[in-house]
Amino acid sequence: MEVEAYEGPDDPASHAAASIGRTRRNEGLFGLPGTAYVHLNYGIHWCFNAVTDVEGSPHGVLIRALEPLSGEAHMRSRRGRDELTNGPGRLAQALGIGPDLQGHRLDEPPVWIERGLPVPAASLVTTTRIGITKGAELRLRFYDSRSRWVSRR
DNA sequence: ACTCCGATTGTT
DNA sequence: ACAATCGGAGTA
């Protein structure tokens, strides 16, 4: 899995940066920890985040890539191509994640997150986030260097 | 009402 | 390189 952290009002790249405040668009980020924040990007792609701090504190993690362990045929039918889950927009489409999932608890179907195997420190890559201009120097992107399921190196 | 632009992707 | 395509935010 590849993720990026967006660290609340003090993070200039966050949808809930202090300069923006709480709006209808980013409302989901202010929800309960462990719920989904789903947003539309570039008018085309839905992106999937997990809210990570207490209600009212807009911290979250953008899920940018993951390894499909099952249901690949279903994902292919949703995607219409073979690139399934490397990239936030692709991943959301492959999993059928859209605005319906806003605020969904991520400990129950249809979409949930479970603890996986630990990533050895030697394999954990910590680097800069993709596609942003503000806060571009912060190293808040993480992935397992052994994994093929990464959006970009 | 009108402009700008973004946590992207697929095609040229 | 660049078009596609939507809605939030700022300005008027």
Side-chain angles (χ1 to χ4, degrees), chain A residues 1-68 71-106 110-114 116 119 124-145 147-153:
Chain A
M1 182 149 83
E2 172 194 355
V3 300
E4 284 177 0
Y6 286 86
E7 307 247 74
D10 294 337
D11 181 349
S14 171
H15 286 164
S19 59
I20 298 172
R22 187 168 178 159
T23 68
R24 183 154 64 259
R25 183 197 199 197
N26 64 31
E27 181 65 24
L29 259 186
F30 291 80
L32 291 167
T35 61
Y37 166 51
V38 178
H39 73 271
L40 183 64
N41 202 243
Y42 291 96
I44 303 173
H45 311 284
W46 291 103
C47 296
F48 172 48
N49 304 248
V51 175
T52 55
D53 203 0
V54 296
E55 187 170 24
S57 180
H59 293 239
V61 168
L62 169 69
I63 315 298
R64 293 191 54 90
L66 54 78
E67 177 176 359
E72 297 183 50
H74 196 179
M75 294 186 196
R76 250 188 300 279
S77 71
R78 287 202 181 101
R79 287 275 302 141
R81 0 183 100 60
D82 285 331
E83 301 75 50
L84 299 182
T85 56
N86 40 0
R90 294 168 177 169
L91 173 157
Q93 187 182 19
L95 271 52
I97 292 174
D100 299 354
L101 229 71
Q102 194 70 265
H104 168 71
R105 288 175 53 128
L106 294 170
V111 176
W112 67 96
I113 296 175
E114 295 179 8
V119 178
L124 178 64
V125 177
T126 301
T127 184
T128 51
R129 296 174 291 183
I130 292 179
I132 53 163
T133 53
K134 295 164 257 179
E137 65 303 329
L138 300 174
R139 303 177 76 80
L140 292 173
R141 174 171 172 243
F142 309 93
Y143 64 87
D144 185 336
S145 64
S147 176
R148 165 196 161 197
W149 302 96
V150 173
S151 63
R152 193 178 118 192
R153 325 232 151 203

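The shown structure was predicted, so the numbers you read here are calculated from the model rather than taken from an experiment. Per chain, numbering begins at 1; letters A, B, ... match sequence-line order.
- Separation of atoms CD1 (A:Ile97) and SG (A:Cys47) is listed at 10.5 Å; rounding is to 0.5 Å.
- Under a 3.5 Å cut-off, the side chain of A:Asp53 and the backbone N or O of A:Pro58 do not form any donor-acceptor pair.
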Note to self: Does the protein touch nucleotides 2-12 of chain C at the base, only the backbone, or not at all? Give it as B, S and - per nucleotide, heavy atoms under 4.0 Å.
What the structure shows: --BBB-SSS--
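- Along DNA chain B, the nucleotide nearest to A:Lys134 and the one nearest to A:Arg79 differ in position, and the one closer to the 5' end is contacted by A:Lys134.
- Between A:Arg152 and the phosphate of B:dA7, there is no side-chain N or O to OP1/OP2 separation shorter than 4.0 Å.
- For B:dG10, one of the phosphate oxygens OP1 or OP2 lies less than 4.0 angstrom from a side-chain nitrogen or oxygen of A:Arg90.
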Checklist line | Chi angles and distances behind the side-chain contact (heavy atoms from CB on, under 4.5 Å) call for A:Ile63, A:Leu91 | finding: CA-CA 8 Å; A:Ile63 315 298; A:Leu91 173 157; 3.8 Å; yes
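- When heavy atoms are screened at a 4.0 angstrom cut-off, A:Ile132 is found touching the sugar-phosphate backbone but no base atom.
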Margin query: As a check on the pairing definition, encode DNA chain B in dot-bracket form, counting Watson-Crick and G-U wobble pairs whose two distances are under 3.5 Å, and using | for partners outside this strand.
Written below: ||||||.||||.
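- Rounded to whole Å, the distance from CZ on A:Arg64 to C1' on B:dT9 is 11 Å.
- What separates CD1 of A:Ile130 from C1' of B:dT9 is a distance of 13 Å, to the nearest Å.
- Of the candidates B:dG10, B:dT8, B:dA7, B:dA7 carries the atom nearest the A:Tyr37 side chain, counting heavy atoms from C-beta on.
- Between A:Ala65 and A:Val150, the closest heavy-atom pair is CB-CA, 4.0 Å.
- As rounded to whole Å, 15 Å separates atom C1' of B:dG10 from atom CG of A:Leu84.
- For the atom pair A:His39 NE2 and A:Phe48 CZ, the distance stands at 12.0 Å (nearest 0.5 Å).
- One distance of note links CG of A:Asn41 with CH2 of A:Trp46; it measures 10.5 Å at 0.5 Å rounding.
- The nearest whole Å value for the distance from the CD atom in A:Glu137 to the P atom in B:dA7 is 14 Å.
- Regarding A:His39, its NE2 atom lies at a distance of 18 Å from the P atom of B:dC5, rounded to whole Å.
- Here B:dT8 presents its P atom at 10 Å from CD of A:Glu2, a figure rounded to the nearest Å.
- In this structure, A:Arg64 fails the cation-pi test against A:Phe142, since its NZ or CZ atom is not both closer than 6.0 Å to the six-membered ring centre and inside 45 degrees of the ring normal.
- One distance of note links CG of A:Leu138 with CD1 of A:Ile132; it measures 7.0 Å at 0.5 Å rounding.
- Applying side chain to side chain contact (heavy atoms under 4.5 Å, CB included) to A:Leu84 and the options A:Glu72, A:Gln93, A:Arg90 leaves one that passes, A:Glu72.
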